Amino acid sequence: MKIPESHPRYASLMSREKIVRGVEKGITSLHGLIAQGRGEAFDYLLGEKSHNFAMDAMTAGVAALLLAKNPAISVNGNAASLCAEDISRLAKAINAAIEVNIFHASALREKKIKKEFLRYGAKALLPSKKYSIGFLEHNRRFANKKGILVADVVLVPLEDGDRCEALRKMGKKIIAIDLNPMSRTAKAAHITIVDNITRAIPFMIKIASSLKRANVERLRLIVSKYDNRKTLHSALKQIRH
Ligand code: PTJ
């Protein structure tokens with residue numbers, strides 16, 4: 001469907017189109033449509049814009065990723081259909097591995113997601129059945145030894161709470177992107193970006209280019225000053241408002 005750019009809800013409608021196309025291409029699961037609807041509801045309450053609390057979290061998140069020894073970005077079917085190109089650009093900017101990790105198990109879908117990233121020049125890793133991150137029983141426990149298994153900082157857009165908690169128990173620093181500030185993921189992450197992934201990733205690319213030349217002390221200061229409880233509190237206040 002052709003959506004005119006003048007439509008007041010152009011961005012939201014485009015995301016719907018991308019998710020639907022993702023399902024048609026076998027990248028996104030049918031459940032992904034439900035997750036998108038939940039996200040849209042929160043985005044609506046947030047006024048469909050990136051707030052200061054989200055910008056602060058993005059800045060701290062990018063600083064943590066730049067400080068990391070082995071940064072990784074975990075991608076599922078929704079992240080792939082909504083913003084594979086931007087995630088590929090962000091991964092390049094911060095020198096991070098991209099790893100496919102999906103909840104609804106499907107080897108075919110994993111391969112299709114990998115192929116989607118290849119369109120933008122990014123070689124996404126696939127999880128291996130040989131390695132498990134522990135604390136989990138479902139498909140999201142598997143990891144790649146060159147990606148999430150060895151990562152010290154992991155960016156997890158649209159994550160489920162179980163895995164976020166499991167990765168944290170392993171001692172990894174977790175940066176989540178989740179429009180719901182009350183989700184278990186939002187509460188379990190060290191840094192929670194309460195924003196739409198479609199707006200957050202492009203902002204993070206810009207932040208990465210401005211912080212690229214910052215020294216280690218400055219990056220550490222940004223991370224240490226950041227307070228995730230304050231972020232979640234501000235997001236809830238915004239929603240109530
Ligand atoms: O590809 P798979 O099999 O891994 O499946 C992916 C989904 C997203 C279906 C799966 O991880 C899932 O069921 O997720 P949940 O538990 O519904 O969680 C999705 C969270 O992401 C919810 O808190 C939503 O509010 C949030 N969310 C949805 N869309 C967006 C979003 N957050 C940021 N940007 C969005 N566009």
Side-chain angles (χ1 to χ4, degrees), residues 9 11-51 53-54 57-58 61 73-84 86-87 90 98-114 116-117 124 126-127 136 138-143 148 155-167 174-189 191-204 231-232 235-236 239:
R9 309 212 56 255
S12 173
L13 293 173
M14 278 306 289
S15 289
R16 281 192 184 185
E17 278 301 301
K18 285 182 182 171
I19 286 278
V20 168
R21 246 179 269 147
V23 172
E24 286 165 356
K25 285 201 278 183
I27 291 172
T28 308
S29 70
L30 272 175
H31 314 78
L33 298 173
I34 301 167
Q36 169 72 12
R38 181 148 63 148
E40 276 187 13
F42 280 102
D43 208 11
Y44 196 76
L45 294 172
L46 286 162
E48 295 176 331
K49 63 176 191 187
S50 304
H51 294 273
F53 55 78
M58 285 179 224
I73 306 175
S74 179
V75 292
N76 59 22
N78 284 48
S81 61
L82 286 174
C83 44
D86 285 333
I87 291 175
L90 177 65
I98 298 175
E99 183 168 334
V100 179
N101 183 278
I102 57 177
F103 180 71
H104 305 95
S106 157
L108 180 62
R109 198 155 61 86
E110 282 174 357
K111 280 190 201 130
K112 287 189 174 179
I113 295 174
K114 183 182 164 93
E116 182 70 8
F117 278 92
L126 292 183
L136 287 181
H138 54 71
N139 192 56
R140 298 198 97 167
R141 70 184 181 277
F142 299 118
I148 283 162
L155 174 65
V156 289
L158 284 78
E159 183 61 79
D160 66 70
D162 279 7
R163 181 159 173 266
C164 188
E165 284 164 7
L167 291 169
I174 309 299
I175 302 153
I177 304 177
D178 193 329
L179 279 159
N180 177 5
M182 290 168 284
S183 74
R184 269 185 310 134
T185 299
K187 289 182 193 157
I191 297 173
T192 308
I193 299 163
V194 184
D195 201 2
N196 199 313
I197 184 177
T198 56
R199 292 190 298 269
I201 301 284
F203 271 130
M204 290 172 83
T231 293
L232 297 181
L236 281 172
I239 286 173

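For ligands, and for the atoms within them, numbers begin at 1 and follow the listed sequence. All values derive from a computational prediction rather than experimental measurement.
- For ligand 1, the atoms sitting less than 4.0 Å from at least one non-hydrogen atom of Gly39 are 25 (O), 27 (N), 28 (C), 29 (N), numbered in the order shown with element in parentheses.
- For Glu40, no heavy-atom contact with ligand 1 is shorter than 4.0 Å.
- Looking from atom 3 (O) of ligand 1 to the surrounding protein, the closest heavy atom is Arg109 NH2, 2.7 Å.
- Ligand-side atoms of ligand 1 in range of Gly32: 9 (C), range being under 4.0 angstrom from any heavy atom.
- Of all protein heavy atoms, the one lying nearest to atom 15 (P) of ligand 1 is Arg38 NH2, 3.4 Å.
- Between the side chains of Asn101 and Ser74, no donor-acceptor pair of N or O atoms lies under 3.5 Å.
- A salt bridge is defined here as a Lys NZ or Arg NE, NH1 or NH2 lying under 4.0 Å from an Asp or Glu carboxylate O, and Glu159 with Arg140 meets this definition.
- At a heavy-atom cutoff of 4.0 Å, ligand 1 is contacted by the backbone of Asp195 but not by its side chain.
- Looking only at distances, a side-chain donor or acceptor of Ser183 sits under 3.5 Å from a matching main-chain atom of Asn180.
- Thr231 and Thr192 are not linked by any side-chain donor-acceptor pair at a separation below 3.5 angstrom, with hydrogens and angles left out of the test.
- The distance from ligand 1 to the heavy atoms of Phe103 drops below 4.0 Å at these ligand atoms: 2 (P), 3 (O), 4 (O).
- Of all atoms in ligand 1, listed by their number and element, those nearer than 4.0 Å to a heavy atom of Leu82 are 36 (N).
- Looking at Asn196, Ile201, Val156, Thr28 and measuring to atom 36 (N) of ligand 1, the nearest heavy atom belongs to Asn196.
- In terms of protein heavy-atom proximity, atom 13 (O) of ligand 1 is nearest to His104 CE1, 4.4 Å.
- Closest to atom 27 (N) of ligand 1 by heavy atom, among Ile197, Asp160, Leu158, Asn101, is Leu158.
- Arg141 CZ: more than 12 foreign heavy atoms inside a 6.0 Å radius.
- Using a 4.0 Å cut-off between charged side-chain N and carboxylate O, Arg199 and Asp43 make a salt bridge.
- The side-chain heavy atoms of Ile73 and Leu90, taken from C-beta on, include a pair separated by under 4.5 Å.
- Which parts of ligand 1 touch Arg140 is read off a 4.0 Å heavy-atom cut-off, strictly below it: atoms 11 (O).
- Counting only non-hydrogen atoms, the option in Leu179, Thr198, Val75 that gets closest to atom 30 (C) of ligand 1 is Leu179.
- Among Asn78, Ile113, Asp178, the residue whose heavy atom lies nearest to atom 23 (O) of ligand 1 is Asp178.
- Put simply, the side chain of His51 gets close to the backbone of Leu46: a donor and an acceptor are under 3.5 Å apart.
- The protein heavy-atom contact nearest to atom 6 (C) of ligand 1 is Asn76 ND2, 3.7 Å.
- Near Gly77, the atoms of ligand 1 lying under 4.0 angstrom from a non-hydrogen atom of the residue are 1 (O).
- Protein heavy atom in closest approach to atom 14 (O) of ligand 1: Ala35 CB, 4.2 Å.
- When only modelled atom types and interatomic distance are considered, Thr28 and Asn78 share no side-chain donor-acceptor pair under 3.5 Å.
- Taking the charged nitrogens against the carboxylate oxygens, Asp162 and Arg184 do have a contact shorter than 4.0 Å, which makes a salt bridge.
- Minimum heavy-atom separation, Ala57 to Ile191: O-CG2, 3.3 Å.
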